[in-house]
Amino acid sequence: MSDGKVVAIANQKGGVGKSTTAINLGAGLAIQGERVLVVDLDPQGNTSSGLGIDRGAIEQSTYDLLVEDDVSITDILEPTSVRNLHVVPATIELAGAEIELVSMFSREQRLKTTLSEVLDDYDVVLIDCPPSLGLLTINGLTAADEVLIPIQCEYYALEGVSQLTRNISRVKQSINPELEVEGVVLTMFDGRTTLAADVAAQVREHFGETTYKTVIPRTVRLSEAPSYGEPIEAFDPMSRGAIAYRELAREFRRRHGRA
């Protein structure tokens, strides 16, 4: 993994575990020695609050980064409670950036340009994209080398994924020829149901080797952790969710020749 491998975590469906994966894969990689930056590109700001950032106290956010020309990413990124893990936080203001970007020059490149300032300082940059295919997500895909797609093990799991892969192809053709799908991670897996096993099999058939072997279980502890502003690794390191995200981080590092 060269310095500053940039990975967009994207799926236009909401509630599939994007923010949970950004928080906990980021923490897992940091604990394993990687220097990690998480960029919160979702106006809901769940990744920011899940990493302990008080959204009410944020003075500048990804909104300022995208719409202002004189704001540096180094002024905005914040440390977290996890060593080696920083976050560029988001607030609800970011929802307005979608409209303001429309009239801007190089509007798809705004995030890529600003990230270039700090790429040498990090091994991995994770971008938590919003659940839509608007200009914010396009900025994320344009800035990224790779896309990680979380897919939840529930009905209609693959619905919309073909649209996402088409959009990734469009961005690849027109703006970012280097962009590849890095992997697909199965989330919210409930081993007690045949549905979850069926969906997992369906996703593995559809995406083949791109699908991660590690599966993220549906657990209460994993859903509780963000309300305490902690990654699962800090909140309950022996829980099934923490073990799964540690293993996902190991698998990610192996794929990139780092473990």
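On a predicted model such as this, the values are computed, not experimentally measured, just so you know.
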Please determine if [X] and [Y] form a salt bridge, counting it only when a charged side-chain N lies under 4.0 Å from a carboxylate O.
{"X": "Asp69", "Y": "Arg110", "value": "yes"}
{"X": "Arg221", "Y": "Asp236", "value": "yes"}
{"X": "Arg254", "Y": "Glu247", "value": "yes"}

Minimum heavy-atom distance between [X] and [Y], given as atom pair plus value:
{"X": "Tyr63", "Y": "Gly96", "value": "CE1-C, 4.4 Å"}
{"X": "Ile175", "Y": "Glu108", "value": "CD1-CG, 3.8 Å"}
{"X": "Ala90", "Y": "Ser61", "value": "CA-CB, 4.1 Å"}
{"X": "Cys129", "Y": "Gly140", "value": "SG-CA, 4.2 Å"}
{"X": "Arg204", "Y": "Lys213", "value": "NH2-O, 3.4 Å"}
{"X": "Asp42", "Y": "Pro131", "value": "OD2-CD, 3.6 Å"}

Side chains of [X] and [Y]: closer than 4.5 Å at any heavy-atom pair?
{"X": "Gln60", "Y": "Val71", "answer": "yes"}
{"X": "Asp40", "Y": "Val88", "answer": "no"}
{"X": "Val39", "Y": "Leu126", "answer": "no"}
{"X": "Asp190", "Y": "Pro217", "answer": "no"}
{"X": "Pro89", "Y": "Ile76", "answer": "yes"}
{"X": "Asn139", "Y": "Gln109", "answer": "no"}
{"X": "Leu158", "Y": "Ile151", "answer": "yes"}
{"X": "Leu133", "Y": "Ile138", "answer": "no"}

Residues that Gln152 engages under side chain to side chain contact (heavy atoms under 4.5 Å, CB included), provided they are two or more places apart: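 Only Lys13, Val16, Glu154, Ala157, Thr187, Met188 meet the side chain to side chain contact (heavy atoms under 4.5 Å, CB included) criterion with Gln152.
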Which residues share a side chain to side chain contact (heavy atoms under 4.5 Å, CB included) with Val102, sequence neighbours left out: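 So Val102 forms a side chain to side chain contact (heavy atoms under 4.5 Å, CB included) with Arg107, Leu135.
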Using only atom types and a distance under 3.5 Å, with no angle test, would you say the side chain of [X] pairs donor to acceptor with the backbone of [Y]?
{"X": "Arg255", "Y": "Glu182", "answer": "yes"}
{"X": "Lys5", "Y": "Asp123", "answer": "no"}
{"X": "Glu34", "Y": "Leu85", "answer": "no"}
{"X": "Thr62", "Y": "Leu41", "answer": "no"}

With hydrophobic residues grouped by side-chain heavy-atom distances under 4.5 Å, do [X] and [Y] end up in a single group?
{"X": "Ile31", "Y": "Val38", "result": "yes"}
{"X": "Ile9", "Y": "Val82", "result": "yes"}
{"X": "Ile127", "Y": "Leu119", "result": "yes"}

Which residues share a side chain to side chain donor-acceptor pair (under 3.5 Å) with Asp75, sequence neighbours left out: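 Residues passing side chain to side chain donor-acceptor pair (under 3.5 Å) with Asp75: none at all.
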Residue list, side chain to side chain donor-acceptor pair (under 3.5 Å) with Lys172, at least two apart or on another chain: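 Only Glu180 meet the side chain to side chain donor-acceptor pair (under 3.5 Å) criterion with Lys172.
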Side chains of [Y] and [X]: any donor to acceptor distance under 3.5 Å?
{"X": "Asn176", "Y": "Thr142", "answer": "no"}
{"X": "Thr21", "Y": "Tyr245", "answer": "yes"}
{"X": "Gln12", "Y": "Thr137", "answer": "no"}
{"X": "Glu251", "Y": "His256", "answer": "no"}

Verdict with reasoning, Leu29 to Leu25, per side-chain contact (heavy atoms from CB on, under 4.5 Å): CA-CA 6 Å; Leu29 289 168; Leu25 176 58; 4.0 Å; yes
Pairs flagged by ring pair (Phe, Tyr, Trp, His ring centres under 6.0 Å) wherever residues 135-183 is involved - sequence neighbours left out: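 Listed by first then second residue: nothing to list.
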Summary of ring pair (Phe, Tyr, Trp, His ring centres under 6.0 Å) pairs that have at least one residue in residues 161-214, sequence neighbours excluded: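 Not a single pair qualifies under ring pair (Phe, Tyr, Trp, His ring centres under 6.0 Å).
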Verdict with reasoning, Val215 to Leu248, per side-chain contact (heavy atoms from CB on, under 4.5 Å): CA-CA 8 Å; Val215 172; Leu248 185 70; over 6 Å; no
Option among Asp128, Asn46, Asn24 that satisfies the side chain to side chain donor-acceptor pair (under 3.5 Å) test with Ser19: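 Result for side chain to side chain donor-acceptor pair (under 3.5 Å) with Ser19: Asp128.
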side-chain contact (heavy atoms from CB on, under 4.5 Å) assessment of Val7 paired with Val147: CA-CA 5 Å; Val7 182; Val147 188; over 6 Å; no
